[in-house]
Amino acid sequence: TFDVSQDQGHRRNMLHPGFTCVGIAGYMDQYGATYWVQAFGWKEVDRNQTSPQTPVYDNKMTFDDLNILIKNGADIILNNDYIYKNDSSFKEGIVIDRDMTIDGQGHSIDATRLSRIFNITSDNAVLKNIVFKNGNTDGCGGAIYSTCANLTIVNCTFENNFAYYGSALFSSAGTLT
């Protein structure tokens, strides 16, 4: 017997607040072996909601999910990895336009070489314990572009990011610590 609640991928899907429907089916073969399958789904709703409603890709949340957290939270603790899934609205990065701290707890944010990760315009921002992967732009700041007055980066890793200037980070104003 396989306890799906102990498998992190299955558990994440079962507890995901965006999944509002589940389908379960069973089949018994000619030898009496039983097979089960479950499918998680959601009902499309207004994208201004306060909880993610998009599917999990390979046990990772999307940039849309991360944007919702950023728009609705003051300080954020990430409990998942996030991945860019070809959403052109985030091509220049998810905008952080108010003061906040994001603690990644070692989780990654992967732009899959298709976008920048963050575009920070707030007065104060703290990013800690985050792995920034595969950020990409033709301009400045592959992973992060900042005009933030006070940007603090603590215990973050930058992997495989690309930009014309500042592959990992480009700060055009303020203090960077």
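Heads up: numbering here begins at 1 and tracks the sequence. Quick note: numbers below take in every heavy atom, side chains included, and nothing from hydrogens, waters or symmetry partners. Since the model is a prediction, treat every value here as computed from it, not as a measurement.
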Visitor: Are side-chain N/O atoms of Thr121 and Thr147 paired as donor and acceptor at under 3.5 Å?
Guide: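 No, because no side-chain N or O of Thr121 sits under 3.5 Å from a partner of the opposite role on Thr147.
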
Visitor: Quick one: does Asp103's side chain have a donor or acceptor within less than 3.5 Å of a partner on Ile77's backbone?
Guide: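 Not a single qualifying donor-acceptor pair exists.
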
Visitor: Of Asp65, Asn67, Ile94, which meets side chain to side chain contact (heavy atoms under 4.5 Å, CB included) against Tyr82?
Guide: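 Passing option: Asp65.
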
Visitor: Tyr164 and Leu169: same hydrophobic cluster, using ILVMFWY side-chain contacts below 4.5 Å?
Guide: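 Different clusters: Tyr164 never reaches Leu169 through Ile, Leu, Val, Met, Phe, Trp or Tyr contacts under 4.5 Å.
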
Visitor: Applying side-chain contact (heavy atoms from CB on, under 4.5 Å) to Ile102 and Ile70, what does each step give before you reach the verdict?
Guide: CA-CA 9 Å; Ile102 302 175; Ile70 289 170; 4.1 Å; yes

Visitor: Do Ile96 and Val126 belong to the same hydrophobic cluster, where Ile, Leu, Val, Met, Phe, Trp and Tyr are linked whenever their side-chain heavy atoms lie under 4.5 Å apart, directly or via other members?
Guide: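 No, because Ile96 and Val126 fall into different hydrophobic clusters, even though each may have its own neighbours under 4.5 Å.
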
Visitor: Does Ser146 use its side chain to pair, donor to acceptor, with the backbone of Cys148 at less than 3.5 Å?
Guide: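 Confirmed, Ser146 side chain pairs with Cys148 backbone.
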
Visitor: Please determine whether residues Leu127 and Val131 belong to a single hydrophobic cluster, defined as Ile, Leu, Val, Met, Phe, Trp and Tyr linked transitively by side-chain heavy-atom distances below 4.5 Å.
Guide: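 Hydrophobic grouping puts Leu127 apart from Val131.
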
Visitor: Keeping Asn161 on the side-chain end and Ala168 on the backbone end, is there a donor-acceptor pair under 3.5 Å?
Guide: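 Judged by distance alone, no pair lies under 3.5 Å.
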
Visitor: Under 3.5 Å, is there a donor-acceptor pair between the side chain of Lys91 and the main chain of Leu114?
Guide: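 At least one qualifying donor-acceptor pair exists.
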
Visitor: Are any non-hydrogen side-chain atoms of Gln105 and Asn129 less than 4.5 angstrom apart?
Guide: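 Heavy-atom side-chain distance check fails, nothing below 4.5 Å.
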
Visitor: Should we count NZ of Lys71 as having more than 12 external heavy atoms under 6.0 Å?
Guide: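 Buried by this count: over 12 neighbours within 6.0 Å.
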
Visitor: Considering residues, nucleotides and ligands other than Asp138, do more than 12 of their heavy atoms fall under 6.0 Å from its CG?
Guide: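 Result for CG/Asp138: open.
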
Visitor: Main chain of Ala163, side chain of Arg116: is a donor-acceptor contact present, judged purely on distance under 3.5 Å?
Guide: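 Looks like no, no N/O pair under 3.5 Å.
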
Visitor: Quick one: are Met61 and Leu78 in side-chain contact, heavy atoms under 4.5 Å?
Guide: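 A side-chain contact under 4.5 Å is absent here.
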
Visitor: Determine the interplanar angle of the Phe118 and Phe132 rings, folded into 0 to 90°, and report it as parallel if under 30°, tilted if 30 to 60°, perpendicular if over 60°.
Guide: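 Perpendicular, since the angle between the ring planes exceeds 60°.
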
Visitor: Going by the angle between their ring planes, with limits at 30° and 60°, are Tyr145 and Phe170 parallel, tilted or perpendicular?
Guide: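 Parallel: the ring planes of Tyr145 and Phe170 meet at under 30°.
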
Visitor: Quick one: NE2 on His107 to CG on Asn79, what's the gap to the nearest 0.5 Å?
Guide: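 So the gap between those two atoms works out to 6.0 Å.
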
Visitor: Using every non-hydrogen atom in the two residues, find where Ser171 and Ala173 come nearest and quote the distance to one decimal.
Guide: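 Nearest heavy atoms, Ser171 then Ala173: OG-O, 3.0 Å.
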
Visitor: Do you know which two heavy atoms are closest between Ser108 and Asp81, and how far apart they sit?
Guide: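 Looking at all heavy atoms of both residues, the closest pair is N-OD1, 2.9 Å.
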
Visitor: Does CZ in Phe162 sit with more than 12 non-hydrogen atoms of other residues, nucleotides or ligands closer than 6.0 Å?
Guide: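 No, not enclosed.
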
Visitor: Are Ile130 and Val95 connected, step by step, through hydrophobic side chains (Ile, Leu, Val, Met, Phe, Trp, Tyr) whose heavy atoms are closer than 4.5 Å?
Guide: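 Not linked; separate clusters.
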
Visitor: Answer whether the closest heavy-atom distance between the side chains of Glu92 and Thr137 falls below 4.5 Å.
Guide: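 Glu92 vs Thr137: side chains touch.
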
Visitor: Please walk me through it: do Phe63 and Ile117 pass side-chain contact (heavy atoms from CB on, under 4.5 Å)?
Guide: CA-CA 9 Å; Phe63 269 41; Ile117 296 173; 4.3 Å; yes

Visitor: What distance do Asn155 atom CG and Lys128 atom NZ have between them, rounded to the nearest 0.5 Å?
Guide: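 Output value for this atom pair is 10.0 Å.
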
Visitor: Among the clusters formed by ILVMFWY side chains lying less than 4.5 Å apart, do Ile144 and Leu176 turn up in the same one?
Guide: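 Yes, one cluster joins them.
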
Visitor: When you measure from the side chain of Asp75 to the backbone N and O of Thr101, does any donor-acceptor pair fall under 3.5 Å?
Guide: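 It does hold such a pair.
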
Visitor: With no hydrogens and no angle check, is any side-chain donor or acceptor of Asn150 less than 3.5 Å from a backbone partner on Asn124?
Guide: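 Looks like no, no N/O pair under 3.5 Å.
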
Visitor: Which atoms form the tightest heavy-atom contact between Lys85 and Thr62, and what is the distance?
Guide: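 Answer, listing the atom of Lys85 first, then Thr62: CG-CG2, 4.3 Å.
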
